[in-house]
Engineer: 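Structure in C-alpha cells, see below.
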There are 12 protein chains.
Amino acid sequence: MKILLINGPNLNTLGRRDPEIYGSRTLQEIEQATAERASEMQTELRAFQSNHEGAIIDFIQAEGPQADGVIINPGAYTHYSLAIRDALETAAKPVVEVHISNIHGREQFRRRSVIADIALGQISGFGWRGYVLALEALVGFLREKER
Amino acid sequence: MKILLINGPNLNTLGRRDPEIYGSRTLQEIEQATAERASEMQTELRAFQSNHEGAIIDFIQAEGPQADGVIINPGAYTHYSLAIRDALETAAKPVVEVHISNIHGREQFRRRSVIADIALGQISGFGWRGYVLALEALVGFLREKER
Amino acid sequence: MKILLINGPNLNTLGRRDPEIYGSRTLQEIEQATAERASEMQTELRAFQSNHEGAIIDFIQAEGPQADGVIINPGAYTHYSLAIRDALETAAKPVVEVHISNIHGREQFRRRSVIADIALGQISGFGWRGYVLALEALVGFLREKER
Amino acid sequence: MKILLINGPNLNTLGRRDPEIYGSRTLQEIEQATAERASEMQTELRAFQSNHEGAIIDFIQAEGPQADGVIINPGAYTHYSLAIRDALETAAKPVVEVHISNIHGREQFRRRSVIADIALGQISGFGWRGYVLALEALVGFLREKER
Amino acid sequence: MKILLINGPNLNTLGRRDPEIYGSRTLQEIEQATAERASEMQTELRAFQSNHEGAIIDFIQAEGPQADGVIINPGAYTHYSLAIRDALETAAKPVVEVHISNIHGREQFRRRSVIADIALGQISGFGWRGYVLALEALVGFLREKER
Amino acid sequence: MKILLINGPNLNTLGRRDPEIYGSRTLQEIEQATAERASEMQTELRAFQSNHEGAIIDFIQAEGPQADGVIINPGAYTHYSLAIRDALETAAKPVVEVHISNIHGREQFRRRSVIADIALGQISGFGWRGYVLALEALVGFLREKER
Amino acid sequence: MKILLINGPNLNTLGRRDPEIYGSRTLQEIEQATAERASEMQTELRAFQSNHEGAIIDFIQAEGPQADGVIINPGAYTHYSLAIRDALETAAKPVVEVHISNIHGREQFRRRSVIADIALGQISGFGWRGYVLALEALVGFLREKER
Amino acid sequence: MKILLINGPNLNTLGRRDPEIYGSRTLQEIEQATAERASEMQTELRAFQSNHEGAIIDFIQAEGPQADGVIINPGAYTHYSLAIRDALETAAKPVVEVHISNIHGREQFRRRSVIADIALGQISGFGWRGYVLALEALVGFLREKER
Amino acid sequence: MKILLINGPNLNTLGRRDPEIYGSRTLQEIEQATAERASEMQTELRAFQSNHEGAIIDFIQAEGPQADGVIINPGAYTHYSLAIRDALETAAKPVVEVHISNIHGREQFRRRSVIADIALGQISGFGWRGYVLALEALVGFLREKER
Amino acid sequence: MKILLINGPNLNTLGRRDPEIYGSRTLQEIEQATAERASEMQTELRAFQSNHEGAIIDFIQAEGPQADGVIINPGAYTHYSLAIRDALETAAKPVVEVHISNIHGREQFRRRSVIADIALGQISGFGWRGYVLALEALVGFLREKER
Amino acid sequence: MKILLINGPNLNTLGRRDPEIYGSRTLQEIEQATAERASEMQTELRAFQSNHEGAIIDFIQAEGPQADGVIINPGAYTHYSLAIRDALETAAKPVVEVHISNIHGREQFRRRSVIADIALGQISGFGWRGYVLALEALVGFLREKER
Amino acid sequence: MKILLINGPNLNTLGRRDPEIYGSRTLQEIEQATAERASEMQTELRAFQSNHEGAIIDFIQAEGPQADGVIINPGAYTHYSLAIRDALETAAKPVVEVHISNIHGREQFRRRSVIADIALGQISGFGWRGYVLALEALVGFLREKER
C-alpha cells in the first residue's frame with residue numbers, strides 16, 4: 001500500500017511560524033513520525049512539499065496513478081486552489097485533508113475549503129498528531145475496502 | 001481519566017437511517033467499540049444520547065465538572081444550537097466534534113457548524129471509526145497537557 | 001390505514017391566538033373534525049401535539065414505523081428544526097405539511113420551511129380546512145400507490 | 001357560483017413533459033375532471049390556458065368581474081410575472097395558487113412565487129388532484145363567506 | 001413634434017384599481033388630458049396601451065422612428081422587462097418614465113426600475129398630473145435641443 | 001400586580017460562566033435581589049429557569065394568563081427561538097427583554113434577537129442590575145396604563 | 001400659499017460643477033426662475049441652501065410650521081441623511097424630491113434615496129426645469145386638496 | 001436533418017441597433033447566411049423571430065417535435081424567461097445558445113442566462129458568425145450521436 | 001459626579017413629533033425630570049441638544065474630560081455617525097445609549113446602531129423614563145467602580 | 001497569421017478524466033486536429049500547456065508580441081487567476097475563451113470567469129470541437145479586420 | 001504652489017486618542033512638520049480642521065479654486081460623506097487621501113472609503129509621516145504635470 | 001539595513017502595459033531609482049520579480065530572515081494569494097504594500113487586498129514614485145524603532 005503525503009505553501013517553515021498555533025516540530029520531523037507509523041502498518045509513504053501550486057498538480061498527476069490514497073494539507077491553497085481540487089478529483093483516489101490548527105476556529109477566510117467536498121474526510125486542530133490520525137483513518141478505510 | 005461521549009438527535013437510529021451514508025452499525029455497537037478502545041487506554045467513557053436539546057445541556061452541566069474532555073456528535077443541532085455551544089463553553093473542557101459522514105461534502109446547510117469554533121478539533125467522514133479517532137486524539141492531547 | 005397528525009408548538013392554543021388569523025376553532029375541534037373525515041374514509045388518525053422539539057421527534061420515532069403517512073403542522077419549528085426534518089426523513093413515510101395561515105403572505109421568516117423539500121406537498125392558507133384537505137390528499141396518494 | 005381556472009405557459013403539454021414529475025394526464029383531462037367535480041358542487045368552471053403573459057392578463061380583466069374566485073397555475077410565470085400579480089390584485093377576487101409538483105422541493109428558482117402573498121392559499125405537490133383540492137378549498141371558503 | 005405615450009399592463013383598469021393609490025380618473029381621461037396639453041404646445045400625441053410585453057416592443061419598433069420622444073409608464077414591466085428596455089434603447093429617442101404612485105415609497109420590489117438608467121428622467125408620485133408634467137419636461141427638453 | 005421573571009438556557013450557571021463578562025452573582029442571588037425590589041413596589045415576582053425550550057413555552061402558557069407582564073432573558077434562544085417568540089406573542093402581555101452583557105458589542109450572532117421586535121423594550125449591558133431596571137421600567141409602564 | 005425650496009450641499013456651485021451633467025445655470029438663476037413661476041401661481045417661495053446637514057434641519061424646524069409644502073434637492077445627503085428625513089417627517093408637510101440629473105442612471109450609490117419613501121413624489125433628470133415642474137406638481141396637489 | 005433557428009425580442013432590428021456592438025448585417029442576411037451553410041451540410045433550417053415571449057413558446061411547442069435541434073438567441077429574454085426555458089426543456093432537443101455580443105463582457109445583468117444550464121453549449125461574442133458556428137457545432141454533435 | 005446628557009437631531013421637537021410613538025413630554029421636561037433624579041443622587045447633569053453632528057462632537061470634546069459618564073440619544077445619527085462614535089471612544093468615559101421608542105421593533109434601518117458596540121449598555125422603548133433608567137444604571141455602575 | 005493555443009491545469013489529462021464529461025480524446029489529439037484545421041486556413045498554431053499559473057503568464061509575455069490572437073482554455077484558473085487576465089490584457093491581442101464542457105450548466109463556482117469580460121468571445125460545451133470552432137471564429141475575425 | 005491640508009472630525013485630539021494606534025504627536029505638531037517640509041519645497045500649506053462636515057465643504061468651496069491640490073484625512077467621514085466627495089470632485093484639483101493608521105487592517109467598516117475612487121492616491125498606516133509623504137507625492141505629481 | 005523589493009506578475013512589462021495608467025518607466029528603471037534613493041539612505045535594496053506565486057514565496061522564505069523589511073507590489077496576486085500573505089506573516093518583518101495605480105479607484109475586484117491587513121501601511125496611486133515613498137516610509141519606521 002502506498003500513500004502520498006502532500007504539504008502546501010509555507011508548511012516547510014513549520015517550527016518557525018507561530019509555534020503557539022502550529023507547534024514546534026519541523027515538517028521533516030512530522031514526515032518522519034508519519035513514515036514510522038506507516039512502516040508499522042506495512043505502508044509506504046511518499047512525502048512532498050512545495051510552495052508552487054503547479055508543482056503540487058504535477059506531483060499529483062505523476063504519482064497519483066501508482067498511489068492508493070492521498071493525505072494533503074494544502075496550506076493557504078485550501079481556500080482557493082480549484083486547480084488542485086481538479087487534480088485530486090482526476091486522480092480519483094481517496095483524499096484525507098489535514099490541518100494542523102483548527103481552521104474552523106480562526107479567521108473567516110480560513111474556514112472555507114474548496115477541497116473538502118471531494119475529500120473522504122477532514123481532520124483539523126490536532127497539531128502534528130493530525131497527520132498520524134489521517135494515516136490511520138486512510139489505511140483503515142483502504143483495508144476495509146480491500147476485503 | 002474520564003471522557004463524555006454525547007450523541008444528538010436521531011443518532012439513536014444509526015443502522016436504520018440511510019445505511020449507505022451512515023453505515024450499518026448501531027449506536028450501541030459504536031459506543032461499545034469506543035468504550036473498549038478507552039479501556040485499553042485506561043480511560044473511562046460515559047456515553048449519552050438524547051433527542052432533547054435541553055437534556056443534552058443538562059447532561060453537560062451535570063457531568064462536565066467531573067469529566068476531562070468531551071466527544072460530541074451533535075447531529076442536526078450542529079447547525080443551530082447555540083445553547084449547546086454555550087453549555088460546552090461553560091464546561092470549559094476540551095471538545096472534539098465528530099460527524100459520521102463528511103459534512104463538508106453534503107447539503108449546504110450541513111457545512112455550517114456553530115460548535116466548531118469552540119472545539120479543539122473536528123473529525124468528519126470516517127464513519128464509526130471517527131469516534132475511535134476522536135478518542136485517541138483527545139486522550140493524546142490530555143496526556144501531553146498533563147506532563 | 002393509519003395516519004399521524006402532529007401539531008407543533010403553540011398550536012394547542014388555537015382559538016385563543018389571533019383568531020382573525022388562525023380562526024376560532026380549538027385544536028381539539030380540528031383534530032375531531034379531521035378524525036371524523038378519516039373515519040368516513042376507513043382510516044385511523046393518531047393525533048399528537050407538543051411544545052417540545054424532542055418530544056415530537058420521540059413521537060415520530062415511536063409511531064412512524066406503524067403509520068402509513070404523516071400530516072404535520074410544525075408551527076415555528078417549520079423554519080429551523082432540522083432535527084424534526086431528519087426524524088421525518090428517517091421515518092420514510094409520505095409527509096404532508098399544513099399551515100393554517102398562508103405562510104407565503106406573512107413575515108419573511110415564515111416563508112422559509114426546512115421541512116418542505118422532503119414533503120410530498122404543502123397546503124397553506126385554508127384555516128382548519130387545510131387539515132381535512134391534507135388528509136384527503138394523503139389518503140388519495142396512498143390508495144393509488146396500493147394498487 | 002363561477003370559478004376561473006387559469007393555466008400558464010407549457011401546461012398545455014401536460015402528459016408529454018417529464019411524466020414522472022408532472023403525471024400522465026393531459027390538461028384537457030384535468031380540466032374535465034375539475035369541471036365534473038365543480039358540477040357536483042353546483043359550480044360553473046371557466047377554463048383558460050395560454051403561453052402569453054399578456055393574454056392571461058387580458059383574460060383576468062375580461063372575466064374577473066363576473067367570477068367569484070380564481071384557481072391559477074401560473075407555470076413559470078409564478079416566479080417573475082409581477083404583471084399577472086397586479087392583474088389578480090386588481091380583480092380583487094380570492095385566488096388559489098396550484099402547482100402540480102412540489103415547487104418547494106425542486107430547483108431554487110422554483111421556490112419563489114411572486115403570486116403567493118396575494119393568494120388565499122397555495123397547494124402544491126399533489127399532481128392533478130391539486131386542482132380538485134383547490135376547487136374544494138375555494139368553494140368551501142366562498143360558501144362560508146356567503147352565510 | 002410627435003410624442004409616443006405608452007402605458008403597460010393593467011393601466012387600462014385605472015379608475016377601478018385601488019383608487020386611493022391610483023386616483024379615480026380612467027386611462028382614457030388621462031390620455032385626453034395629456035393630448036389637450038400637447039395640443040396647446042403644438043405637439044402631436046400618439047397613445048398606446050397593452051398588457052402584452054411583445055406588443056409594446058412591436059409598437060416602439062413601428063412608431064419609434066417617426067417620433068421625437070417617448071413617455072412611458074411600463075407598469076409592472078418596469079421591474080423586469082429588459083426586452084422593453086432594449087427596444088427603447090434601440091429606438092434612441094429621449095424617454096421619460098412616469099409612475100402614478102410614488103414607487104420609491106411602496107413594496108421593495110417596486111423600487112427597482114430596469115428602465116430608469118436609460119431614461120432622460122423619471123417622475124413618480126403625482127397621479128395623473130405626472131403625465132402632463134412628463135409632457136412638459138419632454139417638450140421643454142426637445143425644444144431646447146432644437147435651438 | 002404579578003410579574004414573571006424567566007431565564008433561559010445556561011443562566012442557571014451564572015457566577016460560574018465567564019465571570020468577567022457575566023459577573024459573579026448567582027442566578028438565585030439575582031432573583032432574590034429582584035424579588036426584594038418587587039416587594040418594595042408591592043409587586044409579586046414569579047421566577048423560573050429552564051434549559052428546555054419547550055418548558056419555557058409551557059411556563060409562559062401556564063402562567064401568562066395570570067400575570068401582568070414578563071421579564072425574560074432568553075439566553076441563546078434569543079437568536080433563533082421563534083417558538084418562544086410565538087408563546088410570548090400569544091400571551092399578549094408586555095415583555096421586557098434583558099441581557100446581562102451588552103449583546104450589541106459582542107459576536108455578530110449575538111446581535112440578532114428574534115424576540116426584540118415584539119418586546120416593549122430591551123435592556124442590555126448592565127449586569128445583574130439590568131433585572132432591577134427592567135422591573136422598574138415594566139412596573140412604571142403598567143402603573144401608568146392602569147390610570 | 002407658502003413653499004420652502006431647500007438645496008443641499010454643493011448645489012451652491014451649480015454652473016461650475018460638470019456643466020454637461022448639471023447644466024450651466026447658477027443656483028441663484030434657478031431659484032429666481034422658480035420664484036417667478038411661483039409668483040404667477042400666487043405662491044410665495046422661501047429659498048435656502050446649506051452645506052450643513054444640521055443647518056438644513058434647523059431650517060425645516062423653524063420654517064416648516066408656517067409652510068404648506070417643501071421642495072428639496074438634498075444633494076449627496078439624499079443617500080444617507082436619516083436626520084433630514086426625520087426632520088421632514090416631523091414637519092408633516094408634503095415633500096417633493098428633485099434631482100437635476102437622473103440619479104437612477106448614475107453610480108449605484110446615487111440610486112438609493114432615504115428620503116423618497118416619505119415624499120409625495122420624485123422628479124429627476126430634467127435639469128433646472130425639474131424645480132419648476134416640482135412647484136407645479138406641489139401647488140397642483142395642494143390646490144386640489146384644499147377643495 | 002432539421003434545425004430551428006429562433007431569435008428573440010429586438011433582434012429584428014439588427015443592423016440598426018448599436019452597429020459597433022451588434023454589427024451591420026440585418027437579421028434577414030444572417031438567417032440567409034446560416035441557411036446557406038445549412039444547405040451545404042444537407043440540413044434544413046426553419047427560422048423564426050418574435051418580440052413575444054408567448055409566441056416563441058408557441059413556436060417551440062409546434063415545431064419542436066419535428067426538429068432535431070434548436071439554435072436560439074433569446075435576446076433580453078435570456079436573462080429572465082423561465083417560461084422559454086421550460087418550453088425548451090419540454091421539447092427535449094439539443095439547444096445551442098448564441099449571443100452576437102460577448103454577454104460576459106457587458107452590463108452585470110447581461111451575464112446571467114436562465115437558459116444556459118439546460119443548453120448543450122453557448123457561443124457568444126462573434127457577431128453574425130456565431131450563428132454559423134452554432135450550426136456547425138450542433139450538426140457535428142447530432143451527426144456524431146447518430147453513429 | 002458629573003454626567004453629560006446629549007440629545008441628537010430632531011429630539012428638540014419631542015412632544016410635537018408622533019406623540020403616540022414618542023410621548024407628549026417636551027425635551028425640556030425630560031431634561032428637568034432627569035436632572036431632578038440626578039440631584040436626588042447627588043449628581044450633576046449637563047444637558048445638550050443639537051441638530052449638528054459636528055456640534056455634538058465639539059461638545060463631547062469640550063465637556064468629556066471633566067465628565068464621569070455620558071447618556072446619549074443620538075437620534076438618527078445612531079445609524080450612521082461614525083464620527084460621533086469616534087468622539088465617544090476618544091472621550092473614554094462610560095456611555096449609555098437611550099432611545100425613546102423601541103428601535104428594535106421599528107423600520108429595518110432603525111435597528112442598526114453604530115454606537116452600541118462601544119457603549120456600556122443600551123435602553124430602548126420606555127419613553128422618557130428611559131433617561132431616568134439610564135441615569136440610575138450609569139450612576140450605579142460608576143459608584144460600584146469607585147469602591 | 002499566428003495563433004497561440006493555451007491550455008491550463010489538468011487539461012494534459014484529457015481522455016483520462018471523467019470521459020463522459022470531457023470526452024475521450026487526449027490533449028495531443030485535440031491540438032493536432034486544431035493544427036490541421038489551422039494549416040488548411042494558412043495559419044500557424046503554437047500550442048502550450050502548463051499546470052503552473054506563472055508559466056502560462058511567462059508564455060503569454062514571451063509569445064504574445066509575435067502572435068495575432070490567443071485561444072485559451074484556462075481550466076480551473078478561469079475562475080480566479082486575475083494574473084492571467086492581466087497578462088492577456090497587457091498582450092492586447094484578441095482572445096477566445098474555450099471550455100470543453102458547458103460551464104454554465106455545472107457547479108456554481110464554474111460559472112464565473114474572470115477572463116470572459118476581456119475576451120472577444122466564449123465557446124463552451126462542444127467538447128474537442130470547441131477548439132476548432134474557436135480557431136474558425138478567431139481567424140474569421142482577424143481576416144475581416146485586416147480588410 | 002499652494003496645497004490645502006484638511007483634517008476631519010476628532011483629529012484635533014491627536015496625541016490624546018489611543019496613542020498606540022495614532023501616535024503621540026498633536027495635530028499642531030504634525031501640521032507644523034508638514035508646513036516645514038512644504039517650505040523646503042517652496043510650497044505654501046493652508047491647514048484646516050473641523051468636526052463639521054458642512055464646514056469642511058465650505059472650506060473646500062472657498063479655498064479650492066486658489067489651490068493646486070488637496071491633502072485630506074477625512075477621519076470617520078471617509079466612510080460615508082458623499083457630500084465631501086462631491087465637494088472635492090467639484091473642486092477638480094488632485095486629492096491625496098491620508099490615514100494615520102492602516103485602515104485596511106482595522107474594523108471592517110474602516111476599510112471602505114467613499115473618497116478613494118476620486119483621489120489621485122491613498123497613503124495609510126505610516127503615522128504622522130504619512131502627511132509628509134503625501135505632500136512629497138502631491139508636489140512631485142504637480143511638478144511633473146507642469147512640465 | 002536591508003530591504004526586499006518584490007514585484008509580482010506582469011510588473012516586468014511596465015512601460016508597455018497601458019502607459020496612461022501605469023506610466024512609461026520600465027521596472028528596471030524603477031528598481032534603479034529606488035536603489036539610488038536607498039543608497040542615499042545607507043540602505044541596501046534586494047530586488048526581485050516573478051510571475052510565479054510559488055517563486056515569490058520561495059524568495060520571501062529565503063531572504064526574509066536576513067532582511068529588515070519588505071516592499072511588495074503583489075500585482076494581481078494582491079487580490080487572492082493567501083499563500084503570499086502567509087509567507088509574509090511568517091517572515092514577521094514590516095511590510096509596505098505599493099500599487100502604481102490607485103486600486104481604490106478601479107474595478108471592484110481590484111479594491112480588495114488580502115495582504116493589506118498584515119501590512120504596516122499601503123501606498124497606492126503615485127506611479128513609480130510610490131516605490132520611493134514606500135522606501136522612505138519603511139526606513140523612517142525602522143530607524144525610529146531602532147532608537
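Computed over heavy atoms, backbone and side chain alike; hydrogens, waters and symmetry mates excluded. Sequence lines set the chain letters: A, B, ... in the order given, protein chains first and strands last, and positions in each chain run from 1.
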Engineer: State the CZ-CG distance between F/Arg129 and I/Leu138, to the nearest 0.5 angstrom.
Structural biologist: 10.5 Å

Engineer: Would you say I/Glu29 has more than 12 foreign heavy atoms packed within less than 6.0 Å of its CD?
Structural biologist: yes

Engineer: Indicate the atoms forming the closest heavy-atom contact of I/Leu120 with F/Asn102, along with that distance.
Structural biologist: O-CB, 3.8 Å

Engineer: Just so I understand: if I count every heavy-atom pair under 4.5 Å between each of F/Ser101, F/Ser124, F/Gly125 and chain I, which residue has the most?
Structural biologist: F/Ser124

Engineer: Consider side chain to side chain contact (heavy atoms under 4.5 Å, CB included). Of I/Glu97, I/Gln122, I/Arg112, which one does F/His104 pass it with?
Structural biologist: I/Gln122

Engineer: Search all heavy atoms of I/Gly121 against all heavy atoms of F/Phe126 and return the closest pair with its distance.
Structural biologist: CA-CZ, 3.6 Å

Engineer: Can you tell me which portion of I/Val132 sits under 4.5 Å from chain F's heavy atoms? Options are side chain, backbone, both or neither.
Structural biologist: neither

